[in-house]
Protein chains: 2
Amino acid sequence: MQNPTLKERNKISEDLLKRHKLKITSPRLRVLSTISEKETATSQPELEKILGDTVDRVTLYRVLNVFEEKGILHKILDLNGTATYALCSEYCPEHIHQEEHVHFTCSSCNSIYCLNDVQIPEIVTPLGFKIQSVAINAVGTCNKCP
Amino acid sequence: MQNPTLKERNKISEDLLKRHKLKITSPRLRVLSTISEKETATSQPELEKILGDTVDRVTLYRVLNVFEEKGILHKILDLNGTATYALCSEYCPEHIHQEEHVHFTCSSCNSIYCLNDVQIPEIVTPLGFKIQSVAINAVGTCNKCP
DNA sequence: TTAAGTGCAAAATCTTTGCAAATGT
DNA sequence: ACATTTGCAAAGATTTTGCACTTAA
């Protein structure tokens, strides 16, 4: 199931909304469609620009918040602290439920990739520090940039 | 040189400013003093609250920016994307010039620690992804929280 | 039908900019 | 003395809130 068509993506999005008991509305479908179109994470300003007049800015805030709460999207802060969103992995065709994964930020094109296949290494902390989760962001140049 | 007194901290701060060819001013000393008092990183809102009327909010923005540019402070974004600042390691008594280090965020007290002694593991990225730096933030409970 | 979701207006924050006055060297 | 730095005012940007209207189920 590579490169699903718009119709296929919409079907998947509708299922996703149903599964989380959210109503199927135009703003939500547009947001999901936009985000799932790209391989890399999508920043909120980017979404605003793409969606333009079709989705109100306030609605976008609210849609992104519900999606994050429900675990449909996860938020990544880019190097400037800008909120950037990517689909959670349960949405992936492979159904890998690996919420923790390494992010890769390309300093050339600013894209953020979720590297689901990269192993998260063990971090050894000082005595008394108990780790619940580890966020790793590798910065460099991606495979599309020279 | 543990727990330096206020006077000692001010001396260190003045040297630090001189070394970076910055004028020694009251706002700059206050900011450095406040940040160096704590073991953990200090958020900008926290600084605003502590400095109160003694330093203008706009001045604080500018002071933090120069300090970051000059490599006196480094900025860490906390889990909410709030800018949080810690002294760069050259400032440490040991003179370890290790700019990359693991951060630890306590989800209980929200403190951010710079773990200079924790080894940064190797991250193996997919073909074509070239890593320049790796940011690691471990989230959990610190040694002061239950 | 009706609870949930949206859009608009407006408030509350956060961040930047311009400029005159103050200050460190 | 003079370039830097500060503080204030004001603009710009971002995020949140309240409420009436719309829409999916």
Side-chain angles (χ1 to χ4, degrees), chain A residues 10-35 42-73 75-85 110, chain B residues 10-35 42-73 75-85 110:
Chain A
N10 268 335
K11 178 67 174 61
I12 297 175
S13 297
E14 291 187 12
D15 287 349
L16 195 51
L17 291 173
K18 275 182 196 155
R19 220 180 316 145
H20 288 93
K21 304 198 193 312
L22 293 173
K23 289 191 178 170
I24 296 167
T25 66
S26 160
R28 289 175 177 167
L29 288 178
R30 284 176 198 275
V31 168
L32 286 179
S33 176
T34 306
I35 291 179
T42 313
S43 73
Q44 187 156 354
E46 218 171 329
L47 281 169
E48 281 176 21
K49 210 173 57 189
I50 295 171
L51 298 171
D53 286 340
T54 63
V55 177
D56 184 77
R57 180 197 286 260
V58 174
T59 301
L60 179 57
Y61 273 100
R62 293 194 267 227
V63 166
L64 292 173
N65 281 342
V66 221
F67 283 0
E68 203 194 350
E69 284 164 16
K70 296 279 183 176
I72 294 173
L73 297 179
K75 190 202 279 190
I76 313 148
L77 297 174
D78 78 2
L79 299 177
N80 306 308
T82 305
T84 299
Y85 294 88
N110 273 307
Chain B
N10 268 335
K11 178 70 175 61
I12 296 174
S13 297
E14 291 187 11
D15 287 350
L16 194 53
L17 290 174
K18 277 183 195 155
R19 220 179 316 145
H20 288 92
K21 304 198 192 314
L22 293 174
K23 290 192 177 169
I24 295 166
T25 67
S26 160
R28 288 175 178 167
L29 287 178
R30 284 177 197 275
V31 168
L32 286 180
S33 177
T34 306
I35 291 179
T42 313
S43 73
Q44 187 157 352
E46 217 171 328
L47 281 168
E48 281 176 21
K49 210 172 57 187
I50 295 171
L51 298 170
D53 286 340
T54 64
V55 177
D56 184 77
R57 180 197 287 257
V58 173
T59 302
L60 179 58
Y61 273 101
R62 292 193 269 228
V63 166
L64 292 173
N65 281 343
V66 219
F67 284 180
E68 202 194 351
E69 283 164 17
K70 295 279 183 178
I72 295 173
L73 298 179
K75 191 201 279 190
I76 312 147
L77 297 175
D78 78 2
L79 300 177
N80 306 307
T82 305
T84 300
Y85 294 89
N110 272 307

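Residue numbers begin at 1 in each chain, while the letters A, B, ... track the order of the sequences.
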Asker: Rounded to whole angstroms, how far apart are CG on Asn80(A) and P on dC14(C)?
Answerer: 19 Å

Asker: Using atom NE2 of His20(B) as one end and atom C1' of dT5(D) as the other, report the distance to the nearest whole Å.
Answerer: 18 Å

Asker: Of the nucleotides dG7(D), dC14(C), dT17(D), which has the atom closest to the Val55(B) side chain?
Answerer: dG7(D)

Asker: Any side-chain heavy atom of Leu17(A) within less than 4.5 Å of one from Thr25(A)?
Answerer: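 Answer no - side chains too far apart.
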
Asker: So Arg57(B), base contact, sugar-phosphate only, or nothing? Heavy-atom distance under 4.0 Å.
Answerer: base

Asker: Of all the nucleotides listed (dT16(D), dG5(C), dT5(D)), which has the minimum atom distance to the side chain of Tyr61(A)?
Answerer: dT16(D)

Asker: Would you mind reading off the distance between Lys75(A) atom NZ and dT15(D) atom C1', rounded to a whole angstrom?
Answerer: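 Taking atom C1' of dT15(D) as the reference, NZ of Lys75(A) is at 11 Å.
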
Asker: If we only count heavy atoms from C-beta on, is the Gln44(B) to Tyr61(B) side-chain gap below 4.5 Å?
Answerer: yes

Asker: Quick check: do Thr54(B) and Leu51(B) have side-chain heavy atoms less than 4.5 Å from each other?
Answerer: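 When only atoms from C-beta onward are counted, Leu51(B) and Thr54(B) do touch, with a gap below 4.5 Å.
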
Asker: Short question: side chain of Asn80(A), backbone of Thr82(A) - any donor-acceptor pair under 3.5 Å?
Answerer: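 A pair under 3.5 Å: no.
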
Asker: In whole angstroms, how far is the P atom of dT15(D) from the CG atom of Leu60(A)?
Answerer: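 Taking CG of Leu60(A) and P of dT15(D), I get 11 Å after rounding.
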
Asker: From CG of Leu17(B) over to C1' of dT23(C), roughly how many Å is that when rounded to an integer?
Answerer: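 Taking CG of Leu17(B) and C1' of dT23(C), I get 15 Å after rounding.
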
Asker: Just to be sure I understand the rule, does Arg62(A) reach a base, reach only the sugar-phosphate, or reach nothing, if contact means heavy atoms closer than 4.0 Å?
Answerer: base

Asker: Roughly how many Å is it from CG in Leu22(A) to C1' in dA4(C), rounded to a whole number?
Answerer: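 So the two atoms are 10 Å apart, to the nearest Å.
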
Asker: Can you tell me if the side-chain N/O atoms of Thr25(B) get under 4.0 Å from OP1 or OP2 in dT6(D)?
Answerer: yes

Asker: Students often get this wrong, so: under 4.0 angstrom with heavy atoms, is Thr59(B) touching a base, only sugar-phosphate, or nothing?
Answerer: base

Asker: Nearest to the Val58(B) side chain among dT16(D), dT16(C), dA3(D), which nucleotide is it?
Answerer: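 Output: dT16(C).
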
Asker: Could you give the CG-to-P distance, from Asn65(A) to dT6(C), as a whole number of Å?
Answerer: 12 Å

Asker: Using OP1 and OP2 only, check whether a side-chain N or O of Ser26(A) sits under 4.0 Å from dT6(C).
Answerer: no

Asker: Over how many whole Å does the gap from Asp56(B) atom CG to dA9(D) atom P extend?
Answerer: 10 Å

Asker: Report yes if some heavy atom in the side chain of Asp78(A) is under 4.5 Å from a heavy atom in the side chain of Asn110(A); otherwise report no.
Answerer: no

